[in-house]
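Read through the structure below, which is laid out as structure tokens, and then see the notes.
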Amino acid sequence: MTEPERLRGELVESETKYRNLIELAPDAILIHQDGKIVFVNPAAVALLGAAGESDLVGRPVLDIVHPDMREHVGWNVETDLRGEESPLTTVDLLRMDGLTVTIQGRGARIPHGGRHAVQVVLRDVTEAKRVEDALKDYAARLEISEEKAWNRLEEIEIIYDTAPIGLCVLDTELRFVRLSRRFAEIAGAPVEAHIGRTPAEIMPDLGRQIETTMRRVIETGEQLDLELCGTAPTTPDVLRHWNAHWAPLRGASGTIVAISATVEEITRRKRIEEALRERERTLQGIFRAVPIGIGIVSDRMITEVNAPLCRMTGYAQDELIGQDARLLYPSDETYAYVGQEKYAQIAESGRGAVETQWRTKDGTVLDILLSSSPVDLSLPNQNVVFSALDITKLRESERALESYMDDLQRSNEELQRFAYVASHDLQEPLRSIVSFSQLLVRKYRGRLDADADEYLGYITEGGQRMQALIQDLLQLSRVETQAKPLSPTDAAEVVADVLRLMEVAIREAGATVVADQLPTVLADAAQLAQVFTNLIGNALKYRHPGVAPAIRISAEPAGTSWRFTVKDNGIGIEAEYFDRIFVIFQRLHTRDAYPGTGIGLAVVKKIVERHGGRIRVESTPGEGSTFSFTLSAA
Ligand code: ADP
């Protein structure tokens, strides 16, 4: 390649680059020569509202300049052509479609077809100028400097972006022009999704309602509020609540040019309100349903009562509400006492419970259990909720019960005294009868006739039976009358003594008696001996004919007590009689089969219970019985 060829190639390349740059530049570029337009790029065609470059090429360049500025532009062109730098100039241009566009531009001399031409770069500053004019206007209106006006606008901007409520502006065609981030959040769609669209397009659910209200704002020029409830596009399953406020925005001439709206989400508040209402309804339900009198007193005045309270006191609701609570009390003293006592308790524990008396409308005096508690503890006289339980009947039956108990105890004591005196005093004459009838038998048996012998036998036997009965009755009454205080008692020692005393009976019955290790317990030693005597005696008595009795006495711990057992291999007891045998005079056999009075187990039970213990029996008929009782550990 020759040098000129290489140079040509480079030239073509650079030319192409330059062309592309100009064609694609976002700024409008225009070249004029000898006062006529010779070139425009597509951005310039668009800026000047032309259909194509042919609309412009060939036109005198000053034709498109606003007449007021042609002279000024002319000077600049001359400067450019001299190859000097002309200043950046703001100029209004007349577009092909008749509109005006404000541009900022600067020219520069370039070679074109071997001669000088001027290339101008134009930038559309219409919008910026509009803002500047508006700012000037705004400053003038507020009579402040432009700088102050600008600062204020910036403040508003910050407020707009950070306000906790949603803000937006819509044009008179109800299309979103501007909205804050918070608004987008509340509405549930991004900011960009709103611009240019109407509320109905974004929120089909609520759009109609919103648009109707906004139209009214435009028609009437009034500000309006509306509570909205519905779903947002991003949360179609959640029912949400908003509070919206619309205000018209007026242009310089006073006509409405837009609408501004503020929107606040109140879903949470609504839910809380609903929950509170629900709670209020529940409380009201309880208030009505409970069978207890409930009311509220504020500064001694009754402010609320439920139906049971009215029923209890005989007053109608409106006879109580608004009255001093003193109305319910039979005397000033009772009222004063309740007040003092209750407040002392409330001060200490937050609630007070007092037993008092109320007087009903018809004068009846009721026993009342009164509980109260102020709703707010720091205001103990305000809104004191009280409940009143009518305990008149309870108190009456308590009093009746107490008097029965007294009577019972008295008659019990009398009976005991009677039993003791009777059995004690009967012993003496009975002894005479028995000993003299025995004398009679000894001296006259066989000397009278056979009948007389038989009768004498009955008399002696009857007397002896009566003696046994009286002995046992005395034993029973002595459980109380000769009771000794309980003291630590070695059960092993007691049992050993008992076995020694019963040695003959045990030997005669051919019985074996085994006593395991036994503890020390809290007992009256003589009575404990009586218990073992009676139980071992029965074990010997109620044995199988022909089977040697085997008796075992043992003890095991049971909590803070000991459980003693006396186990035999005798005839046993049917389960249905387990309770009955402990009742006085209850026997399961005839005297002929097994002698006895039916008192022994009653004595045992009475002693065990006097010691605070319990006794029971387990048995398998034909195999044996186990009596067990508890006594406190020493
Ligand atoms: P009594 O032995 O004088 O009849 P108790 O009060 O001691 O009176 O006993 C009541 C009844 O309980 C007895 O009549 C007897 O039927 C039954 N009983 C008591 N102990 C035993 C025992 N170890 N085995 C079988 N039955 C018994």
Side-chain angles (χ1 to χ4, degrees), residues 419 423 426-427 430 461-480 495 498-499 501-502 504-516 526-555 563-611 613-630:
S423 37
L426 277 174
Q427 270 189 323
L430 195 57
E461 196 200 309
Q464 280 166 342
R465 225 175 46 235
M466 199 156 172
Q467 262 185 328
L469 211 63
I470 284 172
Q471 274 301 326
D472 286 356
L473 277 174
L474 263 177
Q475 207 183 74
L476 189 67
S477 67
R478 279 183 186 133
V479 174
E480 292 293 340
V495 168
V498 168
L499 292 182
L501 286 173
M502 296 182 80
V504 178
I506 292 170
R507 196 172 340 109
E508 277 176 5
T512 44
V513 183
V514 179
D516 292 346
Q527 292 191 341
L528 186 56
Q530 188 74 61
V531 168
F532 282 115
T533 307
N534 291 12
L535 290 178
I536 295 167
N538 280 350
L540 293 175
K541 182 159 62 170
Y542 298 103
R543 64 174 186 259
H544 277 297
V547 179
I551 303 167
R552 183 179 197 114
I553 302 160
S554 48
R563 176 175 295 108
F564 289 85
T565 51
V566 178
K567 183 174 158 60
D568 65 42
N569 60 343
I571 57 173
I573 304 161
E574 297 282 351
E576 59 182 300
Y577 301 122
F578 283 180
D579 286 336
R580 208 159 95 187
I581 56 170
F582 293 102
V583 177
I584 187 167
F585 301 135
Q586 292 292 338
R587 310 199 65 231
L588 305 181
H589 308 279
T590 60
R591 263 197 326 278
D592 295 336
Y594 296 96
T597 58
I599 299 175
L601 286 181
V603 171
V604 169
K605 182 168 193 263
K606 201 163 177 186
I607 291 176
V608 169
E609 284 175 359
R610 189 208 146 210
H611 281 68
R614 298 183 58 79
I615 181 159
R616 64 188 163 92
V617 65
E618 277 163 52
S619 176
T620 311
E623 287 183 15
S625 314
T626 305
F627 286 82
S628 53
F629 59 93
T630 51

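Note: hydrogens, waters and symmetry copies are ignored here, and every other heavy atom, side chains too, is used. Counting convention: from 1, in listed order, for ligands and their atoms alike.
Both the backbone and the side chain of I581 come within contact range of ligand 1, each with a heavy atom under 4.0 Å. Counting heavy atoms under 4.0 Å from ligand 1, residue F627 touches it through the side chain alone.
Annotation for ligand 1: atoms under 4.0 Å from non-hydrogen atoms of G572 are 25 (C). Within ligand 1, counting atoms from 1 as listed, the ones closer than 4.0 Å to a heavy atom of L588 are 14 (O), 16 (O). Residue-ligand proximity, D568 to ligand 1, at heavy-atom distances under 4.0 Å covers atoms 22 (C), 23 (N). Remark: ligand 1 atoms within the under-4.0 Å shell around heavy atoms of K541 are 1 (P), 2 (O), 3 (O). Applying the 4.0 Å criterion to heavy atoms of G596 picks out, from ligand 1, the atoms 3 (O).
Residue contact annotation: Y594 has no non-hydrogen atom under 4.0 Å from ligand 1. Remark: distances from the non-hydrogen atoms of S625 to ligand 1 include one below 4.0 Å.
The distance criterion of under 3.5 Å between nitrogen or oxygen atoms is met by L601 with respect to ligand 1. Note: an N/O pair closer than 3.5 Å links G598 and ligand 1 by distance alone. Between Q586 and ligand 1, no pair of N/O atoms sits closer than 3.5 Å.
Of the protein's heavy atoms, Y542 CZ, 3.4 Å lies nearest to atom 15 (C) of ligand 1.
In this structure, CG on L430 lies 10.0 Å from CD on Q471, to the nearest 0.5 angstrom.
Judged purely by distance below 3.5 Å, without hydrogens or angles, the side chains of T565 and T626 never pair a donor atom with an acceptor atom.
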Salt bridge (Lys or Arg N to Asp or Glu O under 4.0 Å) between E618 and R616, worked out: CA-CA 7 Å; E618 277 163 52; R616 64 188 163 92; 2.4 Å; yes

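Using a 30° and 60° split on the angle between ring planes, F564 and F629 fall in the parallel class, below 30°.
Salt bridge annotation for R543-D568: absent, with no cationic side-chain nitrogen under 4.0 angstrom from a carboxylate oxygen.
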